[in-house]
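Throughout, protein chains are lettered first and strands after them, A, B, ... in sequence-line order, and every chain is numbered starting at 1.
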Amino acid sequence: MNQGAETAAKAEDGAPIIRVDGLTAGYDDFILLDKLNFDVRRGEVFVILGGSGCGKSTLLKHMIGLYEPKAGHVFIDGDDIVTAEGDARKAILRKIGVMYQSGALFGSMTLLENVRLPLEEYTDLDFEAIDLIGRMKLELVALEQFTGHLPAAISGGMQKRAAIARAMALDPMILFLDEPSAGLDPITSASLDALIRRLAENLGVTFVIVTHELASIFAIADRVIMLDKRKKGIIAEGDPRVLRDTSTDPWVRQFFLREPDAVAA
Amino acid sequence: MAALAVTDSDAGRVLALSGRLDAGTIGAIWRDARQALAGAAGRPIVVDAAGVDYCDGAGIALIVDLLRQRKKGEVEVANLKPAFVALLNQFDIAVLDHDLDPEPKRLRAVEEIGAITSGVWHDIREQVEFIGEMVAAMAYAVRHPSSVRWRDVWLICEHVGADALPIVALISFLLGVILAFQSAIPMKKFGAEIFVADLIGLAMLRELGPLMTAILLAGRSGAAFAAEIGTMKVNQEVDALTTMGLDPVRFLVTPRIIAALLMTPLLTLFADLVSLLGGALTLQSFSIPFITFVHEVEGIVDFSDFMAGFVKTFVFAVLIAGIGCLRGLQTSAGASSVGDAATRAVVSGIILLVIVDGVFAVVYFFLDI
């Protein structure tokens, strides 16, 4: 059974695929996020949004186990990534793929080699099979004509698509994307949004995306949480279109209506 | 030009500003205005800006400075044109009076020593942890050779070994020439220039060949390892490996250690031979033929001398590659940290090489090698 079908099958049981439980994060004595609780449902495109410096990327890095929280837990498909070690941790990491803000493609490898790498490390497939899967992943993100290019030889938008292809190499259940639209022109950004939506619908992958691009949020998100640095936590949760139209929270309205802070006005 | 006129009346002191208030014109009147304000202690002050034609950020700073010299309300600004009022209203004087993000206090000497000691201790702990991880990764590579990325290994071998041949040849050759010249001139006075061959043979094979090659590699390949891995760290490529569940030590460090282990001994052999060649060519000018030089070296240098130098190269290889990779993995954010990583790799690499070479010398002395 492929990952998409598996994910779709599990979606019926209604259990959240990610549960963040009492997560407190920060640096040294500084608390950035205080006792966060939220769930991500299977198969949805879940967006973490908020202003600059509110802790979006920090939260993402805690969710993928790169940072150790000051307190709390992050359950990925029922297993706690905070406490897991060794093979248990590897098993959790197999369920996720990550696209970093910069793409983080390995500069000395071609796009195809980048995508093949996780397959070479984790499967005992023949080279031909790995090569085919790698090419198919790149075709999914419309980069089939650039398989032999080095990352430095392609544009920023293409690098991000290639990074998505690499993140999908092992057909993870969840894809984490850190600011996929950052630094892209509106057309490339819209194409990337369309790609995310297509992958979510066709493959049933759960997406967790950090962004503050309003156009992207409305184009792709099923549900959002909004973080705020003053409250060090979540100030709104739900469908972004509903929040935009009905929220009475002044910060939420300010964000969705693109109103400047009083100081910057 | 800007001007300041000070007039006193029963109502208080009036500071009349006029002209163009910008950074180039207000230096003198700023000092005068402050003095005028200080000289009117307890009396109300009015800053009359009716004559101000132009006022930029610096001019506004002058007015703000005058306002904050006294309690709120004791200094008034009058007749400022509306366009400049808008500029002035951007600032909250109460906020400007307080440094909301003060620079960290300078540590006292004792605290500084404590911080440095803690830093050194932390560094030692990281090095010990890294040695453990490195040993575990190498043991894994020995048990599972197919897990090693051999393509990377051969590529790194090319960079570390083949590409380093010209520089190693040049330095070793010159070292042989210099050693021969510097020792042959005084030895000639005693008719003992033939023993220069003994000196070069023993010194190069036992000591200088391995050490000079290792120092060259620390500067060349150790720095390259640190910069390469450091850049990967800054570009989040190491994070990407971690979230793929791949161990960065196994993935990045193991191929470099293996490549260094394969190439350092070979480069040392090459350096030994080239330096002997340099010495032999130099001694020709002292009427010592090539064949005599070879016989002399053969007579004095035995297999244990060769092995004494050769064994060291494996330890040096692990040190150079290990410290280069460690410094790379310790890189924090920013472009300058990559430069710092490369520098630290070379400095700590060379220090460790010299220390370990000293330990070898002592051990060989007691083992009578």
With Tyr122(A) via ring-ring contact (aromatic ring centres under 6.0 Å, His included) - residues at least two apart: none
Heavy-atom neighbours of Glu68(A) CD exceed 12 at 6.0 Å: no
Contact origin within Leu66(A) toward chain B - heavy atom pairs under 4.5 Å: side chain
Asn89(B), CG atom: more than 12 neighbouring heavy atoms under 6.0 Å: yes
Interface moiety of Arg166(A) toward chain B, non-hydrogen atoms closer than 4.5 Å: side chain
Asp87(A) atom CG, over 12 foreign heavy atoms within 6.0 Å: no
Chain A-proximal positions within residues 235-264 of chain B [heavy-atom distance under 4.5 Å]: Asn235(B), Gln236(B), Glu237(B), Asp239(B), Ala240(B), Leu241(B), Thr242(B), Thr243(B), Met244(B), Gly245(B), Leu246(B), Arg250(B), Phe251(B)
Atom CZ of Arg68(B) with >12 non-hydrogen neighbours under 6.0 angstrom: yes
More than 12 heavy atoms of other groups within 6.0 Å of His122(B) NE2: no
For chain B, which residues of residues 47-59 of chain A have heavy atoms nearer than 4.5 angstrom: none
Per-residue contacts, residues 111-121 of chain A versus chain B, heavy atoms under 4.5 Å: Glu113(A), Leu117(A), Pro118(A), Glu120(A), Glu121(A)
Glu76(B) atom CD, over 12 foreign heavy atoms within 6.0 Å: no
Residue Lys81(B) excluded, over 12 heavy atoms near NZ under 6.0 Å: yes
